[in-house]
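What follows is a short report on a single structure.
Whatever order the structure lists them in is the order used to number ligands and atoms, beginning at 1.
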Amino acid sequence: MQIVRTIDEWKSIRKGISDLALIPTMGYLHEGHLSLAKEGKSKAKTSVVSIFVNPLQFNDPKDFEKYPVNEERDLELLKSIGTDFVFIPTKEEFLGKDKPQLKLQMPGLTGELEGKFRPGHFEGVLFIVAKLFSVIQPTIALFGKKDYQQFRVVRQMCTDLAWSIDVIGSPTVRETDGLAMSSRNARLGEKAREQATLGFRGMKIAEKALHDGNTDVEDLKEIVKDVIESGTLNRCEYVEFAHHESLSLLTNLKDLANTEEVLLLISFYCDEVRLIDNIQIQL
Ligand code: AMP
């Protein structure tokens, strides 16, 4: 495994590579990241994992400061699964000294959900992913569906700009009790960690209610919210049903065709740690 810290070094390496899978991450790796990295390896001859904590996508500066870092462990994990390259630039190397002037926006897909509650977040994501794509020049890129809206906007960016990058969304990897793996889980204390799992549990209970015939969106959202907030440390930010392509919020599940799937997405604070999750429900 080769560790690459500068853009110039990567550009000269890139010349000798044909098909290339990129897995962008912010480090502090867990099984969710590793499953993307393994999938990337299986889908292209060469794989590169990038590690860069993107300051531009943190709307809350405290969240950025508290973001966990463990470079040594990350590199060991990636080596153990046979990753070919790790691109791990410093902030100065990757972003330069001056604030970038370019702004990328996608209002139609970011007006709700994460985009609504994290102003500026997707501008930061789109800029950094566009820059990674421009520097790394991958043929495929893998993203987790845990961050569904992120996966969706990145795929749209490639469509809109006719970039020949196959953007793949991979299923969410979970702990045995259902909690979606996240680097932020490391900040949960013992009691919070127990209550964090109520998000997934709430969504599964609502899914069952829907399959049992309850199609009242407000009712189903209330079910999820009540389960989450049965944890004394939990505070819901949003619970929404959305269309998996347009990401528009759904207020009526009755009119959707039988074959369709819907997304149920949640965000909640668990003892000050902001967690997000979603499930795809077949109707
Ligand atoms: P992050 O380091 O949190 O920016 O995540 C890097 C990539 O890993 C993103 O595409 C995430 O969606 C993905 N990811 C994070 N957690 C999970 C998970 N539990 N399962 C699958 N993919 C994940």
Stepwise side chain to side chain contact (heavy atoms under 4.5 Å, CB included) check, K204 with E207: CA-CA 5 Å; K204 293 305 278 184; E207 179 184 42; 2.8 Å; yes
Derivation of the side-chain hydrogen bond (donor to acceptor under 3.5 Å, both in side chains) call for E260 and H243: CA-CA 9 Å; E260 272 211 78; H243 189 274; 3.2 Å; yes
Residues lining ligand 1 [heavy-atom distance under 4.0 Å, listed by chain and residue number]: P24, T25, M26, H30, G32, H33, L36, Y67, F143, G144, K146, D147, Q150, P171, T172, V173, M181
Donor-acceptor under 3.5 Å (D277 side chain, T197 main chain): no
All N/O donor-acceptor pairs, side-chain side in residues 107-118, below 3.5 Å, sequence neighbours left out:
from	atom 1	to	atom 2	distance (Å)
T110	OG1	M106	O	3.0
E114	OE1	R274	NH1	2.9
E114	OE1	R274	NH2	3.4
E114	OE2	Y238	OH	2.5
E114	OE2	R274	NH2	2.9
R118	NE	N59	OD1	3.0
R118	NH2	Q57	O	3.4

Row check, F94 ring normal vs K131 NZ/CZ: under 6.0 Å, within 45°: yes
Aromatic ring proximity, centroids under 6.0 angstrom, F64 and F58: yes
